[in-house]
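Below you'll find the structure, written out as structure tokens, and then a few comments.
In this chain, numbering begins with 1 at the start of the sequence shown.
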Amino acid sequence: PDLAAAVQQQKSGDGTDSEARGDLLIVFGIEFGEADLRFKIGRRPFELGRHRPARAAPRRPAIDQQRQFLDFGQPAQAGGPAPVVVFFYGGNWAHGERRDYLFVGEALASRGFVTVIADYRLYPQVRYPEFLDDSAKAVRWAFGHVAEYGGDPARIFLMGHSAGAYNAAMLAMNPAYLQAAGVEPSRIKGWIGLAGPYDFLPLNDDISKAVFGFPHTARSTQPIDYAS
């Protein structure tokens with residue numbers, strides 16, 4: 001089914017938000033953290049393609065209450081079930097926001113991909129491995145819901161940049177995280193890493209040391225150890 005039609009069916013009084021831009025239809029603010037996998041479509045405080053508020057933004061929840069959300073888009077002219085990319089952004093596990101990565105959705109949509117761009121909790125609120133647990137929940141959402149919006153759950157790929165590439169690599173290579181989220185790891189069709197850290201011991205910056213429990217950082221934190 002067409003994403004715009006599906007969004008229309010989900011409209012509610014608290015402000016469904018969707019827009020079309022070029023090759024991309026996008027839905028903002030889908031919650032993926034709830035155990036029952038129900039989702040809601042929330043308000044977006046930013047204009048498409050801009051990083052500054054377009055109007056006075058509503059009062060926003062505390063960061064720990066808003067981090068398990070994702071933005072979801074599909075090609076505006078989808079001709080059938082499309083392959084899906086779940087994308088995680090970087091920021092040294094301490095910075096970043098999904099709304100700054102609309103350009104990723106646009107680039108992938110222009111090539112026929114459905115795109116899921118997920119937030120995850122960051123340091124200092126959480127440390128390893130909790131941001132991986134959040135990332136796994138976003139993947140669980142994708143498997144549970146992309147078919148409703150024109151995505152093909154048999155063709156889901158994980159992708160990330162920098163710290164997000166680490167998240168994607170760990171989910172793809174270490175089956176424990178997806179299994180804990182209720183996803184069979186073998187269902188992942190591929191992984192794409194952009195400038196990611198995959199073998200970065202010893203730690204050499206203060207944030208990474210705090211995130212990964214220095215000086216007791218285990219080798220099991222390194223994606224390279226799961227490569228075969």
Is there a donor-acceptor pair under 3.5 Å between the side chain of [X] and the backbone N or O of [Y]?
| X | Y | result |
| --- | --- | --- |
| Glu97 | Asp119 | no |
| Arg127 | Tyr123 | no |
| Asn174 | Ala176 | yes |
| Asp134 | Arg121 | yes |

### Task
Step through it carefully: locate the ring centre of Phe212, locate the ring centre of Trp93, and say whether they are under 6.0 Å apart.
yes

### Query
Are Tyr198 and Trp191 close enough that their ring centres sit under 6.0 Å apart?
yes

### Audit row: Ser162, Tyr89, side chain to side chain contact (heavy atoms under 4.5 Å, CB included) steps and yes/no
CA-CA 7 Å; Ser162 190; Tyr89 53 76; over 6 Å; no

Which value, rounded to the nearest 0.5 Å, describes the distance between [X] atom [atom1] and [Y] atom [atom2]?
| X | Y | atom1 | atom2 | result |
| --- | --- | --- | --- | --- |
| Phe88 | Leu158 | CZ | CG | 6.0 Å |
| Met170 | Gln222 | CE | CD | 8.0 Å |
| Tyr226 | Leu171 | OH | CG | 12.0 Å |
| Phe157 | Phe113 | CZ | CZ | 6.5 Å |

### Task
Quick one: do Phe131 and Val211 satisfy side chain to side chain contact (heavy atoms under 4.5 Å, CB included)? Show the steps, please.
CA-CA 10 Å; Phe131 46 81; Val211 168; 3.6 Å; yes

### Query
Heavy-atom count around Asp199 CG within 6.0 Å, excluding the residue itself: above 12?
yes

### Query
For Tyr120 and Asp133, does a side-chain donor sit closer than 3.5 Å to a side-chain acceptor?
no

Compare all side-chain heavy atoms of [X] with those of [Y] and state whether any distance is below 4.5 angstrom.
| X | Y | answer |
| --- | --- | --- |
| Ile224 | Arg219 | yes |
| Ser220 | Asp225 | no |
| Tyr166 | Thr221 | yes |

### Message
Pair Thr217, Leu201 - check side chain to side chain contact (heavy atoms under 4.5 Å, CB included), show working.
### Response
CA-CA 9 Å; Thr217 308; Leu201 295 181; 3.8 Å; yes

### Query
How far apart are the C-alpha atoms of Asn167 and Leu132, what are their side-chain angles, what is the distance that settles it, and do they pass the side chain to side chain contact (heavy atoms under 4.5 Å, CB included) test?
CA-CA 6 Å; Asn167 291 12; Leu132 296 176; 3.7 Å; yes

### Message
Which residues pass the side-chain contact (heavy atoms from CB on, under 4.5 Å) test with Val183, not counting sequence neighbours?
### Response
Arg140, Phe143, Leu178

